[in-house]
Amino acid sequence: MRANTPIAENIAEVRARIRQAAQGCLRDPAGISLLAVSKTQPAAAIRTACAAGIVNFGENYLQEALEKQAQLRDLPLCWHFVGQLQSNKTRAAAESFDWVHSVDRLKTAHRLSAQRPRRLTPLAVCIQVNISADKTRHGVHLTALPALADSIAALPRLELRGLMAIPRADDAQPQQRFTYARLRQALLELQSRHPQMDTLSMGMSADLETAIGEGATILRLGTAIFGPRK
Ligand SMILES: *Cc1c(COP(=O)(O)O)cnc(C)c1O
C-alpha cells in the first residue's frame, strides 16, 4: 500500500480484493462488511472514507473516539469499539458505540448491559476469543467460551452477535488460517443454542483473503484503507 494513495482509491482497491476473494470461495461479497479501523486517523480521514461509501468505523481508544465522534455528528456513522476495554471505562462505550467487538469477561459485559441507555437499541457485542490460549494475549479461552456466551446472551441490554479474533501479527499464513477456521468452528458450535449469532469479526489488512476463505463477515481494516499509521 503506497502511503500517499488517496483513501477513496484504497477503498476501491480493497473492495476489488474482497470481491475477488469472495469469488474464489463462492461467497456473496454482500455478506462481508467492511469496518474501517480509524484509530490514530483524524476526523477528516473518516469524512473522506464516508464520502466513499463507508459507514462502519472502528476505534481502539475511547477518549480519541469520543473527540472524533463529536466532530462527525452530522454523518450517519455506525461506531464499533475494537480496542481493549477496561471495566472502569465501559460507560462511554455503552453510551457512544453501536458495537463492541472485544468483550472477553462477564464483568465487562454486565457493566455494558447495565449502562446501555434505554433510548438506544441493545448494544451489539462480539466475544473476543484467544484461540492460541497465549497468556500474553486478550480474549477468552475456547474452553471458557460456551459458559461466557450463555451468560452474555442472557443480559437484557446486549445483543450477542458473534466472535472476534486477532491472530498474532507474526504468525505465518497457515497459522492465521487455523485461527480463523477454529473461530468459525466455535461459532458453529454456539449457533445451536444462540442462533442469533451471525458474525465472525476477523481479517485485517494483511490477511483479509484468508479470513474471507474461512467465513469472515466483518473485516477490520486500518492500513489498507487509511495507509500506514504514524
Ligand atoms: C488496528 C486494528 C485493526 C486494523 O489493522 P490493520 O492491520 O491496519 O488493518 C484491526 N483490528 C484491531 C482490533 C485493531 O486494533
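What's counted below: heavy atoms across the whole structure, side chains too, no hydrogens, waters or symmetry copies. Counting starts at 1 for both ligands and their atoms, in listed order.
Remark: minimum distance from atom 9 (O) of ligand 1 to any protein heavy atom is reached at S205 OG, 2.5 Å. Closest protein heavy atom to atom 12 (C) of ligand 1: R220 NE, 3.8 Å. In this structure, atom 14 (C) of ligand 1 lies nearest to the protein heavy atom K39 NZ, 2.9 Å. Scanning all protein heavy atoms for the shortest distance to atom 10 (C) of ligand 1 gives M204 SD, 3.2 Å. The protein heavy atom nearest to atom 8 (O) of ligand 1 is T223 OG1, 2.5 Å.
Listed by number with element, the atoms of ligand 1 under 4.0 angstrom from any heavy atom of L221 are 9 (O). Taking a cut-off of under 4.0 Å to the non-hydrogen atoms of I166, the atoms of ligand 1 that pass are 13 (C). Within ligand 1, counting atoms from 1 as listed, the ones closer than 4.0 Å to a heavy atom of N60 are 14 (C), 15 (O).
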Margin query: Run F57 and K68 through side-chain contact (heavy atoms from CB on, under 4.5 Å) and show every step you take.
Written below: CA-CA 11 Å; F57 290 88; K68 285 187 266 187; over 6 Å; no
Next item on the list: Mind running side-chain contact (heavy atoms from CB on, under 4.5 Å) on F81 and S102 for me, showing each step along the way?
Entry: CA-CA 7 Å; F81 190 77; S102 46; 4.0 Å; yes
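In this structure the side chain of L190 never reaches within 4.5 angstrom of the side chain of S192, judged on heavy atoms. A 4.5 Å side-chain heavy-atom check between P167 and Q175 finds every atom pair outside the cut-off.
Between the side chains of R220 and S201, at least one donor N or O sits under 3.5 Å from an acceptor N or O.
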Anything under 3.5 Å between a donor and an acceptor, one on a side chain of residues 37-46, the other on a protein residue two or more places apart or in another chain? List them.
residue : atom : partner : partner atom : Å
S38     : OG   : G58     : O            : 3.3
S38     : OG   : E59     : OE2          : 2.6

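Nearest to atom 4 (C) of ligand 1 by heavy-atom distance, out of S102, G222, G58, is G222.
Just one of L66, L72, N56, V55 meets the side-chain contact (heavy atoms from CB on, under 4.5 Å) condition when paired with W79; it is L72.
The closest approach between a heavy atom of H101 and any atom of ligand 1 is not below 4.0 Å.
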